[in-house]
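Working notes for the structure below.
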Amino acid sequence: MSATIIDGKHLAKTIKEELKHEVDRIRENGGKIPHLGAVLVGENPASESYIRNKVRSCEQCGFKSTLIRKPANITQPQLLSIIQDLNQDDDVDGFIVQLPLPDHIDEETVTLAIDPKKDVDGFHPVNFGRMALGIPAYLPATPNGILEMLKRYNIETSGKHCVVVGRSNIVGKPISILLSGKGYPGNCTVTLTHSRTQNLKEETLRADIIIAAIGRPDFITADMIKEGAVIIDVGINRVEDVTAKRGYRLKGDVDYNALLAKASFITPVPGGVGPMTVASLLMNTLNASKKLIY
Ligand code: GUN
């Protein structure tokens with residue numbers, strides 16, 4: 001049997017169309033148009049590409065967006081002052097500061113400076129804490145995107161054993177908390193594994209659902225999963241490919257071709273979790289404009 005491929009690209013497009021319909025209705029009724037702010041420091045090519053995508057997606061959905069670009073030599077006080085302005089700008093519903101930041105700027109200080117009510121990335125400890133306690137919160141984009149995929153493909157999670165591979169603050173840790181929480185998607189028994197886990201294969205072989213977020217290409221191989229497992233691949237690894245136009249291609253954390261025959265559901269890379277993250281950010285921004293969380 002071949003796995004059902006979870007088409008994140010199509011799903012993200014559907015969600016964006018739903019958002020556009022809602023914004024069209026808001027506009028007709030003279031309501032508040034969702035407005036996302038974004039701060040981009042320096043010229044990191046990956047960040048440039050992510051931000052372009054976020055701004056374009058805002059346009060597609062009828063959201064307002066404001067992009068503030070600053071050179072890499074901006075001082076931390078100058079950046080904090082921009083954040084204060086965005087915190088106080090009543091028209092801006094939510095904003096993000098694209099990471100990574102230059103080495104002379106402390107990301108933790110920057111994250112803490114963002115008003116949690118406008119933290120549509122869900123990176124502020126107040127939002128992380130609210131999420132952990134099951135209080136309404138802005139959920140970080142990738143975990144939120146994963147939940148949305150599970151929901152829209154009606155994948156059963158209750159009582160299932162979920163093995164998360166990777167313990168990052170923006171994926172592994174929060175998705176472990178969310179999937180072990182009450183409700184749907186949730187009610188999973190979660191094992192959070194990482195680089196120091198012993199006998200990882202023993203753990204993954206017991207998994208009904210695997211969330212691979214470790215950042216190593218083809219790390220999860222077919223012998224590591226059980227028949228019928230649900231595979232969510234969060235990895236976006238650039239691997240050299242001389243035949244590709246850019247000289248590289250994107251690979252996930254799982255050996256996709258080998259797992260296709262064994263899994264029940266699987267996300268491709270590209271076109272899986274990636275496109276869902278921008279859709280999540282827009283959902284958070286709409287919720288911010290409707291004051292649904294705070
Ligand atoms: N850099 C990589 N992913 C993200 C994200 O989701 N938000 C922000 N602000 N920066 C990032």
Side-chain angles (χ1 to χ4, degrees), residues 8 12 15-16 34-58 63 65-70 72 74 76 79-80 82-83 86-87 92-103 105-128 131 137-149 166-175 178 211-215 232-238 250 252-253 269-270 272-288:
I15 291 170
K16 288 200 267 183
H35 183 177
L36 175 70
V39 183
L40 176 61
V41 178
E43 289 167 8
N44 177 312
S47 293
E48 295 262 3
S49 149
Y50 291 141
I51 283 283
R52 243 194 331 271
N53 200 0
K54 289 171 187 177
V55 169
R56 192 179 52 221
S57 297
C58 279
F63 285 32
S65 68
T66 299
L67 172 58
I68 300 174
R69 278 175 168 276
K70 291 290 162 188
I74 188 175
Q76 182 163 307
L79 180 58
L80 292 175
I82 290 168
I83 292 171
L86 287 165
N87 281 340
V92 174
D93 299 299
F95 67 95
I96 61 166
V97 178
Q98 188 67 27
L99 304 177
L101 289 167
D103 288 345
I105 296 178
D106 181 39
E107 288 187 355
E108 196 176 300
T109 305
V110 167
T111 303
L112 286 168
I114 298 173
D115 181 345
K117 296 183 178 64
K118 293 195 173 188
D119 168 40
V120 284
D121 257 334
F123 289 173
H124 192 287
V126 166
N127 279 311
F128 195 97
M131 173 210 65
Y138 296 118
L139 302 183
T142 305
N144 199 15
I146 294 170
L147 296 184
E148 206 60 40
M149 288 176 135
R167 56 178 157 183
S168 71
N169 287 341
I170 61 172
V171 185
K173 249 189 247 178
I175 196 68
L178 290 163
I211 313 282
I214 197 146
I232 307 290
D233 189 352
V234 181
I236 303 180
N237 306 291
R238 288 183 178 192
L250 296 180
D253 289 353
V269 176
V273 175
M276 295 297 292
T277 60
V278 179
S280 297
L281 175 67
L282 296 178
M283 290 192 280
N284 279 349
T285 307
L286 177 63
N287 287 339

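Start at 1 and go down the list; that is how both ligands and their atoms are numbered.
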Handout entry: Donor on one side chain, acceptor on other, K16 and S57, under 3.5 Å
Key = yes

Problem - Pair E48 + R69, salt bridge at N-O below 4.0 Å - result: yes

Practice task
Without swapping roles, check the side chain of D253 against the backbone of D233 for a donor-acceptor pair under 3.5 Å.
Solution key: no

Practice task
Check each of L36, D93, N127, V120 against N284 using the side-chain contact (heavy atoms from CB on, under 4.5 Å) test, and report the only one that passes.
Solution key: V120

Exercise for the section: Write out the protein residues near ligand 1, meaning a non-hydrogen atom under 4.0 Å from one of its atoms, in order of chain and number. Expected result: K54, V97, Q98, L99, D121, F123

Problem - Main-chain N/O of F95 paired with K118 side-chain donor or acceptor, under 3.5 Å - result: no

Completion exercise
Between the OH atom in Y138 and the CG atom in N144, the distance rounded to the nearest 0.5 Å is 12.0 Å

